[in-house]
Amino acid sequence: MFVGRGEQLELFTKGLTDRRCQGFVVSGSAGVGKSRLAEECLARAAGMGFRVARATASAAAGTVPLGAIAHLVPAGADLSDPVTGFATVARRLAGRDGRALVLLIDDIHLLDAVSAVLLRQLMDAGVVRLLGTICSGAPVGDAVEAVCHGDTMWRVELAELDRGEVEELLQAVLGAPVAQGTLWELHAACRGNVLYLRELVTGALDRGALVSDGEIWELAAGPVRGTTRLVELISTRLAAAGAEARPLLELLALCEPLSLTDAEQVASPEAVTGLEYAGLVRVRQEGRRTSVALAHPLYGEVLRAGLPVTRRRALLLRQAARVEVRGMRRRADALHVASWRLAATGTADPAALTEAAALARYAHDYGQARALLQALPEEHHTTATRLMLGETLFELGEPQQAEKVLAKAVAGAESEQDELAVTMARTCNLFWGAAEADEALAVNEAARARVTSADALRMLRYCEGSMRIASGEAVRGLDLLEDMEEDINDAPDPVAWLTGALMKPLGLELVGRTGDAVAWAERAYAAHLTVDHHTLYPHPAVQLISVNHALSSHGRLAEAREVGRRGYAELARVSSTPVPQIWLAFSLGRTEWLAGHPASARRWYAEAAALARAYHHIRPLGPALSGLAACAAVLGDLERAELACAEARNYLWPEVFAAEEYLGRAWLHAARGRVAQARTVLTDAARCARTAGLVTPEALLLTDIARLGGAKKVAGRLAELARRSDGVLTGTGARLAAALAADAPDQLLAVATAFERAGADLLAAEAAAAAAAAWQRAGQARRATAATSLATAIAGRCEDARTVLLTAAAPGAPLTDREREVALFAANGSRSKDIADVLHLSVRTVNNHLQHAYAKLGVTTRRELAAVLERSEPHHAPAPRPAGHDIGDGAPAASPPPAAGFAGRTLRPRGPRPPRRPVAGSPK
């Protein structure tokens, strides 16, 4: 698979056709993919008809004159006479067609001087085009320098793959998407180095650490380790540092980053500089502090694996002592010292462990916080430390262990504030982690009987309100949250306020107040950012779940997608936050489902399900699997849809998603042609939503019923819901049902425009397809064709979705090459006579072709023609306009290729255009 190097490959291709280019050199760090790109370039040259050859320079061959390219020198050539010898070699390598030989030389910096001189002469004579690779920073001799540099040499520096390119490569190699957390881990481990990535993935596959559930690939917990070959490669590179620098490398593997002062206590300044020059360490200036770290994370993995226990212990204790002697002035020093002493001896000072755990907890490093808190002796635990440990275990997906710890914490609570804090954590863990809603409500109610202050009682009421909303009792929950302060600074307890603010947007959205939901969600996120380091609460990105959900229901799907992805990236960077990641992945799946992008939605639902299984977080599994089943059904993967539906039945459902329990089954029925059964399933779901007073879910379900042929039955109820909701999807869904029921194509096209503006592509495509079918039934063939063209164009963004209404959008007869050619010229503003002159046709023939194109595309004017062609072929360059009197050069322009698109209209006549003279029978 060739990923991320298309720009460089195209540059090489351009160089082959440029006589000024004598060669192309690819430079980059070891393992970045230089040889792979060079091989692809050589294949491209061969495909273009060039003769090709290879040579490999090496340290051994570099000691022998002509050691690398001796096989290209003809037998008997006397190179002691440079003139005749060069002429003999040039004749041997010259092609009959005059084309140069494209010669690939790997590691050209190792080329011997004689080979370099001969090569330079052959390049100057046009006999050879060089294609070379060189390692960045490698020493290069004068002769090779003369070959690799100059205006005639084109050179590219090959960078590491970015995260998107790594994702594309992994999906192509593994045949399925990779979980975002896994992608972040692999990219962080390999830093985009293709060789390292390959060895990491190969090693993980061999160990069974990289596994697929049939939908998505995911790494098991633990360090990312590669193959024996990778360890050997890195070990060889590290060994070159020498004995003096080795202690610093080992210490960095355990304690990086170090201050430059500490680094120079372990190795001399000259040794540190040598490591930096060798690319083994990275020295950074950050304000007044200069830090030293390993240049690549895999160096640390290899070094740690080779350290004996006694050596590790000594290094850690010495570094802890250095920091303690300085007075532990920096905020993170306490965390580092406690962690180092714990790793070295298995214990540390209890006060230091507690302080370090708090720092780790505030930094959302839950794995480290758990290790520090669990090392704390039992007699040193307090309500505060147990609260920290309980919340940490919840975040790590261990609700049963969290409940045991929090039950002890509440027993030891000595103040009302302690009681409130532990109750909040305990109800959250029971409700969301253990899926014990009744027990969570009982714990909250028991706490109400023990506290007396008005503020504490109000906070517990907010806690109950949040759980009621999540249980599908949106109206009751909102009543309990009615008097919530809009500003967190006015709240007596920020944790209680954040808990209520997390769920209030969902309650508002459920009852149809989607605009208020967006405002509250954004307010909660902003407030969370201001108190993040002062409260024990999940990462601020948890609030983006509500922002994403509210924006989606409000009909701002593009914004919802951007917010959700940004939040997920924030959480992925903090590798130990699985619970909010699960729910945000589920919410992103819902966003893409509403947008009509089933493949993207399936990928996010699969991510949510995989994470939920891995961390035993069962609450999201049912809805995620149901969403996955719906996506698979719409994509025609009925077997996978059936499996997902069957698995979803094994899990309890959060009541707020009870209506969505039916989604997978309904769309699976529809995909199998059992549309009436699909409508029955959706009707039952809508009835549940209506009983609970959930306006937005009911409206979405009724819209699906309308899409599946039940518009007349649901149009009235949808109109009623639209009056109670400000959501764009609800209102436009009501308009869709009314237009379908009335079989009104004009209204359907207006609905398609509204859905497209909201980002709901599949609904827009279906509305346009329904309009086409209605025009066809009315005998309006041209209008039907135009609507079909619109539906087909929008459906192109719907990732191969297959639904009942889209069957009406089957494209009509395609344009012939000549019709498309004429249409592109006309769309670009050319007159029929000009087109006829360029294409050597009669004006009547041009107009006939235009008439046929208009009929097939359902348009009547050139402006409409331009819009259709631009929509159907948005990524192609604009077609050139015919030259002539209105361009000014008198030379006819080349015709556009048949597949050229109309992406813009930048060429305009110079000066005023003469008035058009109508031609008999010509289109407008």
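Only this structure's heavy atoms are used, side chains among them; waters, hydrogens and symmetry mates stay out. We number each residue from 1, following the sequence as shown.
The shortest non-hydrogen separation linking L393 to A402 is CB-CB, 3.8 Å.
A salt bridge is absent between E250 and R304; no separation between the charged side-chain nitrogens and carboxylate oxygens falls under 4.0 Å. Ion pairing between a basic and an acidic side chain is recognised when a charged N comes within 4.0 Å of a carboxylate O; R341 and E324 show such pairing. Under 4.0 Å is where a charged nitrogen must lie from a carboxylate oxygen, and between R229 and E199 at least one such pair does. Under a 4.0 Å N-O distance rule, the pair R386/D418 does not qualify as a salt bridge. In summary, E562 and R565 do not engage in a salt bridge, as defined by a charged side-chain N under 4.0 Å from a carboxylate O. Taking 4.0 Å as the cut-off between side-chain N and carboxylate O, R603 and E607 count as a salt-bridged pair. We find that R282 and E276 are not joined by a salt bridge, their nearest charged nitrogen and carboxylate oxygen being 4.0 Å or further apart.
E256 places a side-chain N or O within 3.5 Å of a backbone atom of L294 that can act as its donor or acceptor partner. With hydrogens and angles ignored, the 3.5 Å screen pairs no side-chain donor or acceptor of T385 with any backbone N or O of H381. Judged purely by atom type and a 3.5 angstrom limit, H617 has no side-chain atom pairing as donor or acceptor with the backbone of A434.
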Give the C-alpha distance, both sets of side-chain angles, the deciding distance and a yes or no for side chain to side chain contact (heavy atoms under 4.5 Å, CB included) between T290 and T261. CA-CA 8 Å; T290 304; T261 302; over 6 Å; no
T182 and E218: side chain to side chain donor-acceptor pair (under 3.5 Å), yes or no, with the steps? CA-CA 6 Å; T182 293; E218 192 163 25; 5.1 Å; no
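Aromatic pair F394/W432: centroids not less than 6.0 angstrom apart. When ring centroids are compared, Y525 and H528 stay outside the 6.0 Å threshold.
By the 6.0 Å contact criterion, CD on E414 is open, its count of non-hydrogen atoms from other residues, nucleotides or ligands being 12 or less.
For the pair R619 and F586, the cation-pi test (distance below 6.0 Å, angle within 45°) is failed.
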